[in-house]
Amino acid sequence: MEKQFSFRLRHTQGQARVGELVTPHGVVATPAFMPVATQATVKTLTPEEITAAGAGIILGNAYHLYLRPGVEAVHRLGGLHRFMSWPSPILTDSGGFQAFSMGSLKKVDDDGISFQSHVDGSRHRFTPQLATRNQEGLGADIIMCLDQCIAFGADRQEITRAMQRTHRWAEICCETHVLSDQAPFQALFGIVQGGTFPDLRAESAAAITALPFDGFAIGGLAVGESKEEMYRVTELVADLLPADKPRYLMGVGSPEDLVESVARGVDMCDCVLPTRVARNGALFTREGRVNITNRRFAEMDAPLDPECDCYACRNFTAAYLWHLFKAKEILGLRLASLHNLRFILRLMEEMRQAIAQGRFDRYRQGFWNRYRPTDEKVRQQQKQKWLAAREG
RNA sequence: GGAGGGGUGGGUGAGCGGUUAAAGCCACCAGACUGUAAAUCUGGCCUCCGGAAGGAGUUCGCAGGUUCGAAUCCUGCCCCCUCCA
């Protein structure tokens, strides 16, 4: 049976590209941002709301769904789309990233990842085969290879070993998936690793693009390196990926990073940032991020962002959002999530349009003329503190 | 009228002679969050100087006293609460 997945490149301007992902659940315009629905839900939002915000594809997580409610359960309940009542395309992550983010609960060897459930402490093991079968069982439109993600700061030897494992696992995922009866309905993406070492990235890109993948992801970024480094590696890898396949930069999603990634030829991104940050009161505006809990919003009798067309900004004042957050009302989390998602998805729409019309450079410049990102030093400091707090 | 308990920083509430400008929690003020162990975490929060380290000055109902030293002990006064009449 013929593969029900393809990628069509429509326009390019410089490195930036506009295209379409054709999947069994519909066509997605790229560059696309995928809101993250880790546990079969984009936290606080309904599928209708996510769609209304402009999302054409979302990301689910095979690690979390494997643990709860279980791949078999989702399968029996009609697959992930039906289970969560999401009609559009879904991409699932393999669980490789969890092995990175869950610290002491996991142990990686050459053949897979052994880990303890963060839910009940039970012991499990993911191999490339199982990670692939899990995602086949969930029924996503696009599934990801199991890979090993390494934190920034690891030494070259460790990065190399993780990269080599990722390559070996990629072969196994390909071999496993091609035999599946799901193969015609699912795209399989490989993941390039290699940290911030240019030669390792090149080596990884060569190894991964040699395999019969439907698309290619850049993994192992946004894990602590500076933005300059992240952009540098993104550019380097994107240039080494085939032009006729989609390129997916994993885990990236601040407004400025999306603009810079698209400028370097990235077609897909996903990120928890817009929704997570929203739940903590940080909202995107054209000028940068603001904390809605700040005193200055207490009596602002106007939308947070008058230029925003999201449900929250069309219907409520900043003062009301401030109140909801101060009172810890659930609606605040929902409206904030809706706003940030709409901000990001609109940014993507605007970029697609700008590229198609050959004015992306100007658009990008216009973005930077207004947008002030968070101070890099502050980010690094707080990140360290966050990690320390989680350990202790 | 009789018996007892208590008054601590915006709130609550530890402390009961020095290591206490005074725990913790809440509130308040700010910051962070990038393939979600996240509606979480980190700072600040008497006043003044300092970016910070730190320094100086005023604090534990009010007024006296004991002591080298008091939120902590003593005396008086003012409030509050519980039980019995």
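Quick caveat, the model's predicted, so the values are computed rather than measured. Below, chain A is the first sequence line, B the second, and so on; all start at residue 1.
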| Selected nucleotide, minimal atom distance to A:Asn294 side chain, candidates B:rA37, B:rA30, B:rG35 | B:rA30
| request: Using the C1' atom on both, measure B:rU82 against B:rC45 and round to a whole Å. | output: 36 Å
| query | What nucleic acid atoms does A:Asp257 come within less than 4.0 Å of, heavy atoms only: base, sugar-phosphate, or nothing? | reply | base
| Hey, mind stepping through A:Leu91 and A:Met144 against side chain to side chain contact (heavy atoms under 4.5 Å, CB included) and telling me if it holds? | CA-CA 8 Å; A:Leu91 178 150; A:Met144 301 301 298; 3.9 Å; yes
| request: May I have the distance from A:Phe325 (atom CZ) to B:rU40 (atom P), rounded to whole angstrom? | output: 11 Å
| query | Are more than 12 heavy atoms from other residues, nucleotides or ligands located less than 6.0 Å from atom CD of A:Glu299? | reply | no
| request: Under 4.0 Å between any heavy atoms, over every strand shown, what does A:Val277 touch: base, sugar-phosphate, or nothing? Just pick one. | output: base
| request: Over 60° means perpendicular and under 30° means parallel, so classify the ring planes of A:His339 and A:Phe343, tilted if in between. | output: tilted
| request: Take atom C1' in B:rC46 and the same atom in B:rG35, then report the distance between them in whole Å. | output: 48 Å
| message | Could you report the tightest heavy-atom contact between A:Val233 and A:Thr196, atom names first, then the distance? | response | CG2-CA, 3.9 Å
| said: Tell me which nucleotide, if any, is Watson-Crick or G-U wobble paired with B:rG1 when both distances must be under 3.5 Å. | reply: B:rC84
| remark: Separation of B:rU34 atom C1' from A:Leu59 atom CG, nearest Å, is 13 Å
| query | What nucleic acid atoms does A:Glu329 come within less than 4.0 Å of, heavy atoms only: base, sugar-phosphate, or nothing? | reply | nothing
| task | Pick base, sugar-phosphate or nothing for A:Gly281, based on heavy-atom distances below 4.0 Å to the nucleic acid. | result | nothing
| message | Can you measure A:Gln382 atom CD to B:rG44 atom P for me and round it to whole angstrom units? | response | 12 Å
| request: Quick one: label A:Ala282 by what it contacts on the DNA or RNA (base, sugar-phosphate, nothing), any heavy atom closer than 4.0 Å. | output: base
| query | On a whole-Å scale, what distance lies between the P atoms belonging to B:rG76 and B:rA22? | reply | 33 Å
| message | Closer than 3.5 angstrom, by distance alone: can the side chain of A:Arg165 be matched with the main-chain N or O of A:Asp111 as a donor-acceptor pair? | response | no
| query | In whole angstrom, what separates A:Arg390's CZ from B:rC33's C1'? | reply | 12 Å
| said: Over 60° means perpendicular and under 30° means parallel, so tell me whether A:Phe126 and A:Tyr66 are parallel, tilted or perpendicular. | reply: perpendicular
| said: Tell me if the side-chain of A:Arg276 makes a donor-acceptor pair with the base of B:rA38, cut-off 3.5 Å, by modelled atom types. | reply: yes
| field | Ring centre gap for A:His118 and A:Tyr63 strictly below 6.0 Å | value | yes
| field | A:Ser101 side-chain N/O to B:rG35 phosphate OP1/OP2 under 4.0 Å | value | no
| task | Any strand is fair game: report the nucleotide pairing with B:rU47 by Watson-Crick or G-U wobble, both distances under 3.5 Å, or none. | result | B:rA56
| Going by 5.5 Å between centroids and 30° between planes, is there a stack of A:Tyr248 over B:rG35? | no
| message | By the 4.0 Å heavy-atom rule, please label A:Leu221 as base, sugar-phosphate, or nothing. | response | nothing
| Plane angle bin for A:Phe97 and A:Phe100 - parallel if under 30°, tilted between 30 and 60°, otherwise perpendicular | tilted
| Which of residues 114-151 of chain A sit near RNA chain B, with a heavy atom under 4.0 Å from it? | A:His118, A:Asp147, A:Cys149
| said: For A:Arg161, I'd like to know if atom CZ has over 12 heavy atoms of other residues, nucleotides or ligands within 6.0 Å. | reply: no
| message | Under 6.0 Å between ring centres: does that hold for A:Tyr311 and A:Phe316? | response | yes
| request: Indicate, with a heavy-atom threshold strictly under 4.0 Å, whether A:Leu105 touches base, sugar-phosphate, or nothing. | output: base
| message | If the cut-off is 4.0 Å, is A:Asn291 near the phosphate of B:rG31, judged by side-chain N/O to OP1 or OP2? | response | yes
| With both distances kept under 3.5 Å, what pairs with B:rA30, Watson-Crick or G-U wobble? | B:rU42
| field | P-based separation of B:rC81 from B:rU12 [nearest Å] | value | 14 Å
| Under 4.5 Å between any side-chain heavy atoms of A:Gln135 and A:Ser94, yes or no? | yes
| request: Round to the nearest Å and state the distance from A:Lys328 atom NZ to B:rA39 atom P. | output: 13 Å
| said: Does a side-chain N or O of A:Lys227 approach OP1 or OP2 of B:rU34 to a distance below 4.0 Å, or not? | reply: no
| request: Please state how far atom CZ in A:Phe100 lies from atom C1' in B:rA37, giving the value in whole angstrom units. | output: 14 Å
| message | Which nucleotide wins on minimum distance to the side chain of A:His64, given the candidates B:rU34, B:rA32, B:rA37? | response | B:rA37
| Which nucleotide in B:rC33, B:rA30, B:rG35 has an atom nearest any side-chain atom of A:Met250 | B:rG35
| When you compare B:rU72 with B:rU19, how far apart are their P atoms, in angstrom units rounded to a whole number? | 14 Å
| said: For B:rA32 and A:Thr374 - does any side-chain N or O of the residue sit under 4.0 Å from the phosphate oxygens OP1/OP2? | reply: yes
| Residue A:Ala389, side-chain heavy atoms: nucleotide from B:rC41, B:rG35, B:rC33 that is nearest | B:rC41
| request: Quote, to the nearest angstrom, the P distance that separates B:rA71 from B:rG7. | output: 15 Å
| message | Can you check the distance between B:rC29 and B:rG10, where both ends of the measurement are the C1' atom (answer in whole Å)? | response | 13 Å
| note | The residue, A:Gln98 or A:Arg289, whose nearest nucleotide of RNA chain B is more 5′ is A:Arg289
| Closest listed nucleotide, where the reference is the side chain of A:Asp93 and the choices are B:rU34, B:rU40, B:rG35 | B:rG35
| said: Rounding to an integer number of Å, can you tell me how far A:Tyr63 OH sits from B:rA37 P? | reply: 8 Å
| query | Phosphate oxygens OP1/OP2 of B:rA38: is one of them under 4.0 Å from a side-chain N or O of A:Arg279? | reply | no
| query | Below 4.0 angstrom from OP1 or OP2 of B:rC29, is there any side-chain N or O of A:Lys326? | reply | yes
| task | With a 4.0 Å heavy-atom cut-off, tell me which residues in residues 25-52 of chain A come close to RNA chain B, sorted by residue number. | result | A:Val36, A:Thr38, A:Lys43
| field | First encountered from the 5' end of RNA chain B, between A:Gln193 and A:Lys385 | value | A:Gln193
| Is there a donor-acceptor pair under 3.5 Å between the side chain of A:Arg264 and the backbone N or O of A:Glu260? | yes
| message | Within the structure provided, determine whether A:Cys149 and A:Val223 are in side-chain contact (heavy-atom separation under 4.5 Å). | response | yes
| said: What's the gap between B:rG61 and B:rU67 when it is taken at their P atoms, as a whole Å value? | reply: 23 Å
| A:Ile344 CD1 to B:rU34 P, straight-line distance once rounded to whole Å | 14 Å
| field | Over all atoms of both residues, closest heavy-atom pair of A:Gly56 and A:Val28 | value | O-CG2, 3.7 Å
